[in-house]
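Below: the structure, in structure tokens.
As the structure is a prediction and not an experimental result, all values here were calculated from the model.
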Amino acid sequence: MRIPLLFSFFLWMLSEAEVIQLTDTFGEIRTPNFPDSYPSDSEVTWNITVPEGFRLKLYFMHFDLEPSYLCEYDYAKVETEDQVIASFCGKESTDTEQAPGKQIITSPGNFLSLTFRSDFSNEERFTGFDAHYSAIDIDECTEKNDEDLVCDHHCHNYIGGFYCSCRFGYLLHTDNRTCKVECSDNLFTQRSGLISSPDYPSSYPKSSDCRYRIELEEGFVINLHFDDNFDVEDHPEVTCPYDYLKIKTGKKEIGPLCGEKSPGRIETGSNSVQILFHSDNSGENGGWRFSYSVSGTPCPNLRPPINGKLEPSQAEYTFKDQVVISCNQGYRVLKDNVEMESFQIECRKDGTWSNQIPTCQKTEKDVRMS
């Protein structure tokens with residue numbers, strides 16, 4: 001006669017459960033008295049722990065426990081530290097009870113617990129189970145962590161662990177997973193150029209701090225023009241907490257800049273500009289690119305001397321522009337009482353001309369003829 005479940009549970013609570021710690025990388029687990037009938041009112045738990053970098057494989061070669069609705073009497077329970085994987089009973093699976101059959105149970109980590117419990121009485125003879133376990137290597141290179149690959153670039157698995165390496169031109173971060181670039185001191189001295197985040201338009205590297213400097217002679221002013229394709233990780237509520245771009249011109253700072261809206265054209269008003277770009281250890285964003293050009297400090301407009309001309313003749317002259325003054329036929333340039341064929345002046349960095357426009361004077365031959 002079956003003892004009521006509540007009374008059976010009370011008697012089971014009075015018995016002392018046995019806990020066995022297993023640390024070998026393989027082994028066999030049997031119910032008490034196997035292959036004879038297991039005892040009533042028994043509970044045994046086997047806690048299996050293997051080294052980090054491994055997970056556990058568990059399967060049953062023989063399984064014969066008392067069947068019951070939802071395995072409420074006798075059962076074998078497989079669980080991790082925070083999750084019940086399965087509860088088994090009976091000999092074959094039915095609509096209300098599950099037997100392991102040829103199922104192989106794999107743990108997510110390096111720990112697995114198997115608990116056998118029998119209630120107060122069995123009306124028939126049940127032989128229990130014979131289970132086997134072994135440690136299997138975790139292939140971390142195929143695992144994902146927070147939707148990101150374990151390694152940024154290359155992952156190399158070995159028994160019990162893994163290591164990461166980076167593509168040519170990259171450095172492995174101190175976290176041993178992220179690949180960063182060395183981009184801390186890039187100097188540009190040409191009057192025009194193109195600067196972009198590393199790997200643009202592909203995703204820029206994580207955990208990197210880049211610095212780009214544009215240095216030109218005083219008298220030039222640097223202008224930046226960002227492409228429309230601008231993609232730097234941002235946050236909907238906080239201003240650029242992850243990745244950002246900053247532009248420094250002396251005491252003036254523009255930014256931080258992030259998001260998907262291009263800054264467009266930026267007139268720095270300076271001949272010296274620093275561009276700082278920071279990325280954190282997560283995210284996949286396309287980055288940025290801009291072209292830069294310079295404009296010189298403007299000088300006052302020029303008017304040619306009477307009977308003379310300017311080469312080149314243009315509406316505006318800026319720093320470093322040079323102008324040659326010459327005279328019409330029959331005239332010569334006169335500067336500081338010295339006659340010459342032509343005279344050259346240059347626009348200086350402070351916006352002034354290097355000299356004044358000379359005059360054009362008739363040659364001595366033309367003066368005598370007149």
Side-chain angles (χ1 to χ4, degrees), residues 19-30 44-61 76-88 100 102-116 129-184 197-199 202-210 233 241-243 278-285 287:
V19 178
I20 300 173
Q21 305 293 338
L22 301 175
T23 57
D24 292 334
T25 56
F26 64 92
E28 184 177 14
I29 300 174
R30 294 178 170 183
V44 184
T45 296
W46 295 268
N47 289 330
I48 314 167
T49 305
V50 293
E52 293 286 344
F54 292 88
R55 57 166 52 102
L56 283 154
K57 177 176 70 173
L58 174 73
Y59 54 94
F60 294 85
M61 301 298 293
K77 181 170 63 176
V78 183
E79 56 191 326
T80 63
E81 291 174 329
D82 55 6
Q83 178 187 7
V84 175
I85 297 177
S87 290
F88 300 118
K102 295 183 179 181
Q103 178 181 351
I104 296 176
I105 301 166
T106 304
S107 66
N110 67 322
F111 174 82
L112 197 64
S113 176
L114 173 61
T115 297
F116 164 71
F129 61 72
D130 176 26
H132 294 257
Y133 73 89
S134 61
I136 55 175
D137 178 50
I138 297 176
D139 186 355
E140 290 89 351
C141 295
T142 62
E143 300 284 331
K144 289 191 175 183
N145 180 19
D146 296 331
E147 299 184 356
D148 287 334
L149 292 176
V150 173
C151 297
D152 252 4
H153 290 177
H154 306 304
C155 184
H156 311 273
N157 186 69
Y158 59 87
I159 296 176
F162 73 99
Y163 67 94
C164 302
S165 66
C166 300
R167 296 195 299 265
F168 180 78
Y170 286 78
L171 302 174
L172 191 62
H173 191 269
T174 53
D175 63 9
N176 291 323
R177 298 191 179 198
T178 307
C179 292
K180 64 177 185 175
V181 289
E182 177 53 54
C183 52
S184 60
S197 54
D199 285 350
S202 299
S203 300
Y204 51 76
K206 303 177 182 68
S207 301
S208 295
D209 286 284
C210 300
E233 184 181 13
Y242 307 127
D243 305 347
H278 170 80
S279 63
D280 67 1
N281 61 357
S282 65
E284 297 289 335
N285 297 82

Between atom [atom1] of [X] and atom [atom2] of [Y], what is the distance when rounded to the nearest 0.5 Å?
X	Y	atom1	atom2	value
Glu79	Ile85	CD	CD1	8.5 Å
Ser113	Gln21	OG	CD	8.5 Å
Ser279	Lys206	OG	NZ	8.5 Å
Ile48	Ser107	CD1	OG	8.5 Å
Leu171	Cys179	CG	SG	9.0 Å
Phe54	Thr25	CZ	OG1	7.5 Å

Chi angles and distances behind the side chain to side chain contact (heavy atoms under 4.5 Å, CB included) call for Asn176, Tyr163: CA-CA 7 Å; Asn176 291 323; Tyr163 67 94; over 6 Å; no
Nearest heavy atoms of [X] and [Y], plus distance in Å:
X	Y	answer
Phe162	Cys155	CD1-SG, 4.0 Å
Val181	Cys210	CG2-SG, 4.3 Å
Tyr158	Asp137	O-OD1, 3.4 Å
Ala76	Leu114	CB-CD1, 4.3 Å
Val50	Asn110	O-ND2, 2.8 Å
Pro198	Pro205	CB-CD, 3.6 Å

Residues, nucleotides or ligands: over 12 heavy atoms within 6.0 Å of Glu52 CD: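 No, because the 6.0 Å sphere around CD of Glu52 holds 12 heavy atoms or fewer from other groups.
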Testing [options] for side chain to side chain contact (heavy atoms under 4.5 Å, CB included) with [X], which one passes?
X	options	answer
Met61	Lys102, His132, Arg30	His132
Pro108	Asp82, Thr80, Leu56	Thr80
Ser208	His278, Lys180, His173, Glu182	Lys180

Plane angle bin for Trp46 and Phe129 - parallel if under 30°, tilted between 30 and 60°, otherwise perpendicular: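 Phe129 vs Trp46 ring planes: perpendicular.
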Test log, rule side chain to side chain contact (heavy atoms under 4.5 Å, CB included), inputs Ile29 and Ile20: CA-CA 10 Å; Ile29 300 174; Ile20 300 173; over 6 Å; no
Say whether, by atom type as modelled, one donor and one acceptor occur between the side chain of [X] and the main chain of [Y] under 3.5 angstrom.
X	Y	answer
Asp243	Asp280	yes
Asp24	Phe26	no
Arg55	Ile138	no

Side chain to side chain contact (heavy atoms under 4.5 Å, CB included) between Asp152 and Arg177, intermediate numbers included: CA-CA 6 Å; Asp152 252 4; Arg177 298 191 179 198; over 6 Å; no
Steps toward side chain to side chain contact (heavy atoms under 4.5 Å, CB included) verdict (Ile105, Phe88): CA-CA 12 Å; Ile105 301 166; Phe88 300 118; 3.6 Å; yes
Cys164/Cys151 sulfur gamma separation below 2.5 Å: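 The answer is yes, since Cys151 and Cys164 bring their SG atoms under 2.5 Å apart.
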